[in-house]
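Values below: all heavy atoms of this structure, side chains included; hydrogens, waters and symmetry mates excluded. Counting from 1, the numbers follow the sequence of the chain as shown. What you see is a predicted model, and the numbers here were worked out from it, not measured in a lab.
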Amino acid sequence: MNKVNNGFIAVHVGAGQHSDRLKDKYINLCKEACRKGIEKLHEGGGPLEAVVDATVILENSELTNAGYGSNLTFDGKVECDASVMDGSNLHFGAVGAVSGIKNPIVVAKQLCERQRLNISHGRIPPSFLVGSGAKTWADELGIETIPPNDLISVKAEKVYKHYKRKVENHSSEIERITKKRLDTVGAVCVDESGNIASACSSGGIILKHSGRVGQAGVWGCGAWAEKGKNSVGVSTSGCGEHLIKTTLARTIADAISNTECPITSFHASMKNDFLDSKFLSALEQKMGGAIAIRYMSEEKIGDLLWSHSTNTMIIGYMNSTEKTAVSHMSTLPEAVVGEKAVVEGICFRLSPGQEISKSS
């Protein structure tokens, strides 16, 4: 029987504009994803397996903009991005603009795990595959592929037709698209030894150009994980172009890894490296968010933090010693959306795994 792996997991269903009507469904989805990740740890799996299993739950839900139910491209197709990073060895795997893959995060995981393999004639294993090449590679490995249209949900098709019509009619309301359905999903998990992994998966922004890849598929932008005396893991969400220009996942990780007060450093990073970034100076509103874990292996104490400059962000978290997950919707006043960021967080302990305090 495998040894139980003690750990902590956090998930998100994006920084965007979530419907109050669907709030309870999003919260229950986050709890289900957390339970699935912790179940993997109980079976003896590691953080990488846990974040992937949790993200699969999120990808399979029509509520989210990842996998099934993803936003459609301008020509009405589903093209997904996803990535994982294993902090124990710094390996990374990603797919971009891929169609017909039921769970893109599974392909990203396989790419990540195969970084350590030797292949013939000195060739280098790929870490990032896009489009038809990613699908072919998945087929060869026996990863589940489906007809591309099977990933289109009723909700996504309705949203697509609504905004496509506005574009064709040159509606003045079209600029508000950037605040809709930025709900990229992701997860971060750490075990008591400090092994940490992160995942990110997205269907991209509404009416994106075919072939466009967002932050969820780009190294340092969607997911980051690094084991150390202080292990750190980050998963981001928001407008991919904004997050790519600021390499937000790695930037936040660097900011909180060796600091006395991670919540203060997280807020400073969101302000200085994102909202006030010189790379985004031409924009009036910067749409982004992230969840982050900083875990101190010797003390077996960690911080889970989350931040967003969007209307809302919904997160969930769970300790392996707990029977139920916690989920929460964070909000930001409409007047400051895109201009300021809220930062919240909790502290947790592993061995014994009890939540010890809260802060915001």
Side-chain angles (χ1 to χ4, degrees), residues 9-14 16 18-19 22-41 43 45 48-72 77-84 93-112 134-135 138-139 141-160 181-189 197-204 214 216-217 222-223 235 237 291 314-318 325 327:
I9 193 167
V11 305
H12 69 83
V13 288
H18 299 89
S19 165
L22 297 174
K23 176 182 175 181
D24 289 344
K25 290 185 177 181
Y26 280 114
I27 283 176
N28 289 335
L29 177 63
C30 284
K31 290 181 177 181
E32 181 185 356
C34 287
R35 286 193 295 267
K36 189 66 175 178
I38 292 299
E39 182 181 297
K40 178 59 68 173
L41 293 181
E43 294 171 354
L48 180 62
E49 290 81 9
V51 294
V52 170
D53 279 15
T55 304
V56 164
I57 296 295
L58 303 177
E59 288 181 335
N60 288 345
S61 172
E62 67 175 356
L63 291 171
T64 66
N65 175 28
Y68 176 69
S70 288
N71 285 331
L72 304 186
K77 298 178 181 178
V78 170
E79 293 184 357
C80 297
D81 311 324
S83 63
V84 296
V95 294
V98 63
S99 298
I101 302 290
K102 186 173 187 291
N103 295 112
I105 200 68
V106 173
V107 187
K109 174 178 178 283
Q110 291 295 330
L111 285 163
C112 177
K135 186 174 184 298
D139 279 328
L141 286 183
I143 296 172
E144 184 176 3
T145 58
I146 58 177
N149 285 348
D150 285 0
L151 291 171
I152 300 176
S153 68
V154 173
K155 176 184 176 182
E157 187 170 28
K158 182 178 179 181
V159 170
Y160 165 74
R181 299 217 71 204
L182 298 176
D183 40 354
T184 294
V185 307
V188 182
C189 180
S198 181
C200 189
S201 182
S202 179
S235 178
S237 178
I291 59 172
I314 301 179
I315 61 97
Y317 55 90
M318 186 175 180
S327 187

**Q** Quick one: pull up OH in Tyr68 and CG in Leu151 and give me the separation to the nearest 0.5 Å.
**A**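 That separation rounds to 9.0 Å.
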
**Q** When rounded to the nearest 0.5 angstrom, what distance separates OG1 in Thr55 from NE2 in His12?
**A**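 NE2 of His12 is found 8.0 Å from OG1 of Thr55.
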
**Q** Within a strict 4.5 Å, meaning less than it, do heavy atoms of the Pro148 and Lys77 side chains meet?
**A**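 No, too far: nothing below the 4.5 Å cut-off.
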
**Q** For the residue pair Glu49 and Glu43, establish whether any side-chain heavy-atom pair is separated by less than 4.5 Å.
**A**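 When only atoms from C-beta onward are counted, Glu43 and Glu49 do not touch, as no gap falls below 4.5 Å.
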
**Q** Under a 3.5 Å distance rule, please check whether Glu59 uses its side chain to pair with a backbone N or O of Ile105 as donor and acceptor.
**A**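 Answer holds: yes.
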
**Q** Check for a donor-acceptor pair, side chain of Asn65 on one end and backbone N or O of Gly204 on the other, with a separation under 3.5 Å.
**A**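 Yes; at least one donor-acceptor contact below 3.5 Å.
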
**Q** Among Asn60, Asp150, Thr145, whose side chain to side chain donor-acceptor pair (under 3.5 Å) with Lys102 holds?
**A**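 Testing each of Asn60, Asp150, Thr145 against Lys102, the sole residue satisfying side chain to side chain donor-acceptor pair (under 3.5 Å) is Asn60.
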
**Q** Verify whether one side chain among Glu79 and Ser99 offers a donor that lies under 3.5 Å from an acceptor in the other.
**A**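 Their side chains do not contain a donor-acceptor pair, so the 3.5 Å distance test is not met.
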
**Q** Roughly how far, to the nearest 0.5 Å, is CZ of Arg35 from CE of Met318?
**A**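 Going from CE on Met318 over to CZ on Arg35, the span is 7.0 Å.
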
**Q** For a quick test of reading the model, state the closest non-hydrogen atom pair linking Asp81 to Gly214 and the distance between them.
**A**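 Minimum heavy-atom contact is OD2-N, 2.8 Å.
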
**Q** If only atom types and distance count, is the side chain of Tyr26 paired as donor or acceptor with the main-chain N or O of Leu63 below 3.5 Å?
**A**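 The answer is yes, because a donor-acceptor pair under 3.5 Å joins these two groups.
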
**Q** Side chain of Ser70, backbone of Gly67: donor and acceptor closer than 3.5 Å?
**A**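 Yes; at least one donor-acceptor contact below 3.5 Å.
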
**Q** Is any NZ, NE, NH1 or NH2 atom of the basic residue among Lys36 and Asp53 found under 4.0 Å from an Asp or Glu carboxylate oxygen of the other?
**A**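 No, no charged N to carboxylate O under 4.0 Å.
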
**Q** I'd like to know if the side chain of Ser235 reaches the main chain of Ile291, judged simply by a donor and an acceptor atom lying under 3.5 Å from each other, with no hydrogens or angles considered.
**A**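 Side chain of Ser235 to backbone of Ile291: no pair is present.
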
